[in-house]
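For ligands, and for the atoms within them, numbers begin at 1 and follow the listed sequence. As the structure is a computational prediction, the values presented were derived from the model and not from experiment.
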Amino acid sequence: MTDVTWIPEGVDLTRPSAARIYDHLLGGGHNFAADRAIAAKLVEVQPNVATIARRNRAFLRRAVLFMIEQGVRQFLDLGSGIPTVGNVHEIAQRVVPDARIVYVDSEDVAVAHSTLMLRENPFATMVQADVTRPDDVLGSGGVRSLLDLDEPVGLLAVTLGHYISPEQDPVRVFARYRDAVPSGSLLALTHFTDDFADIRADDLVETMRSTQNNVFPRTRDEVLELFTGFELVEPGLVTTSQWRPEPGGEVVDDPSQDGLWVGAGRKP
Ligand SMILES: C[S@@+](CC[C@H](N)C(=O)[O-])C[C@H]1O[C@@H](n2cnc3c(N)ncnc32)[C@H](O)[C@@H]1O
């Protein structure tokens with residue numbers, strides 16, 4: 001018999017979700033045939049799409065470790081996705097065992113699987129909420145019980161911003177989280193862009209249209225605006241593989257194939 005505890009009741013198996021497509025691209029098993037069909041189409045359009053996903057995940061790890069080095073001991077992971085290799089609590093708590101992590105996602109499978117994984121972890125929790133409604137997130141039981149908003153917070157928005165439509169106003173959404181955290185907090189994000197000729201952004205956007213998550217690529221300047229009120233740390237806004245690579249890490253010949261703008265900033 002297969003383990004079905006991560007499949008929440010009522011989940012629509014036929015409507016692909018970004019969380020499950022990404023899980024499949026990373027080699028995970030918490031996805032359905034409809035998700036895998038879209039992933040296959042994405043690969044047809046952009047053959048290196050799984051590499052883009054893997055590099056994004058590697059950035060998340062480096063960003064968490066960087067934040068810990070900077071003294072951050074608590075994280076708010078917005079659009080945290082389905083647990084896979086190298087989850088934030090695993091990365092952080094290996095270094096700081098009582099680091100606190102609140103995961104936030106709206107997708108049912110991401111929420112069910114994360115809740116299951118965290119049930120014996122007193123310092124990490126999952127909140128099901130729409131991140132474009134910051135008051136719901138900030139007022140949630142998970143945030144109120146685990147995070148001390150008088151101490152620096154590591155805000156993570158890794159492959160999240162491009163799911164926020166212009167009407168939902170991502171600059172306003174990010175500003176609300178910035179205003180809720182004290183000086184010394186850090187924001188790390190990655191964001192899909194159509195700035196690079198190597199990336200077939202229009203076709204990728206079109207392919208995602210039949211899923212639960214439309215995609216809105218943004219230019220470098222538009223992504224920079226999301227850092228309003230933060231000071232970018234070195235090396236600034238770059239592509240995934242250019243951001244603080246680890247010594248001996250992957251050598252990348254053509255960073256424009258990364259497909260994402262990434263960076264981290266500190267609230268002064
Ligand atoms: C591609 S996954 C990224 C997972 C993880 N952050 C990473 O980069 O490895 C994007 C996640 O954002 C979530 N998401 C998108 N829009 C959201 C929203 N408005 N509220 C909450 N979660 C959202 C999706 O459900 C999905 O799980």
Among the clusters formed by ILVMFWY side chains lying less than 4.5 Å apart, do Val45 and Leu260 turn up in the same one? yes

Closest protein heavy atom to [atom], given as residue, atom name and distance to 0.1 Å:
{"atom": "atom 25 (O) of ligand 1", "result": "Asp105 OD1, 2.6 Å"}
{"atom": "atom 14 (N) of ligand 1", "result": "Leu160 CD1, 3.9 Å"}
{"atom": "atom 16 (N) of ligand 1", "result": "Tyr163 CB, 3.7 Å"}

Is [X] touching ligand 1 with its side chain, its backbone, both, or neither, if touching means heavy atoms under 4.0 Å apart?
{"X": "Ala19", "value": "both"}
{"X": "Ser80", "value": "backbone"}
{"X": "Ala129", "value": "backbone"}
{"X": "Asn56", "value": "side chain"}

Donor-acceptor contact present, side-chain Asp130 to main-chain Thr132, <3.5 Å: yes

Closest by any non-hydrogen atom to [atom]: pick that one out of [options].
{"atom": "atom 6 (N) of ligand 1", "options": "Gly79, Gly81, Gly161, Ser165", "result": "Gly79"}
{"atom": "atom 3 (C) of ligand 1", "options": "Thr159, Ile21, Leu189, Ile164", "result": "Thr159"}
{"atom": "atom 9 (O) of ligand 1", "options": "Tyr103, Phe59, Tyr22", "result": "Tyr22"}

So is there a nitrogen or oxygen of [X] less than 3.5 Å from a nitrogen or oxygen in ligand 1?
{"X": "Glu107", "value": "no"}
{"X": "Asp77", "value": "no"}
{"X": "Ala18", "value": "no"}
{"X": "Val131", "value": "yes"}

Kindly say whether the aromatic ring centers of Phe66 and Trp243 come within a distance under 6.0 Å. yes

Given Ile21, which of Asn31, Leu42, Val49, Asn213 fulfils the side chain to side chain contact (heavy atoms under 4.5 Å, CB included) condition? Leu42

According to side-chain contact (heavy atoms from CB on, under 4.5 Å), who are the partners of Glu107, at least two apart in sequence or on a separate chain? Ser17, Ala19, Arg20, Asp105, Val109, Ala110, Gln212

Just to verify, what does Ile91 make a side-chain contact (heavy atoms from CB on, under 4.5 Å) with, not counting sequence neighbours? Arg61, Val64, Leu65

So if I count the atoms of ligand 1 from 1 in the order they appear, which ones are less than 4.0 Å from some heavy atom of Ser106? 17 (C), 18 (C), 20 (N), 21 (C), 22 (N), 23 (C)

Here the atoms of ligand 1 under 4.0 Å from any heavy atom belonging to Asp130 are 18 (C), 19 (N), 20 (N)

Taking the side chain as C-beta and beyond, is there a heavy-atom pair between Asp148 and Gln74 under 4.5 Å? yes

Note: Arg209-Glu206 ion pair, threshold 4.0 Å (strictly below): yes

Mutual orientation of the aromatic rings belonging to His162 and Phe192 [parallel < 30°, tilted 30-60°, perpendicular > 60°]: perpendicular

Taking all non-hydrogen atoms of both residues, which atom of Ala99 and which atom of Gln93 are closest, and how far apart? O-NE2, 2.9 Å

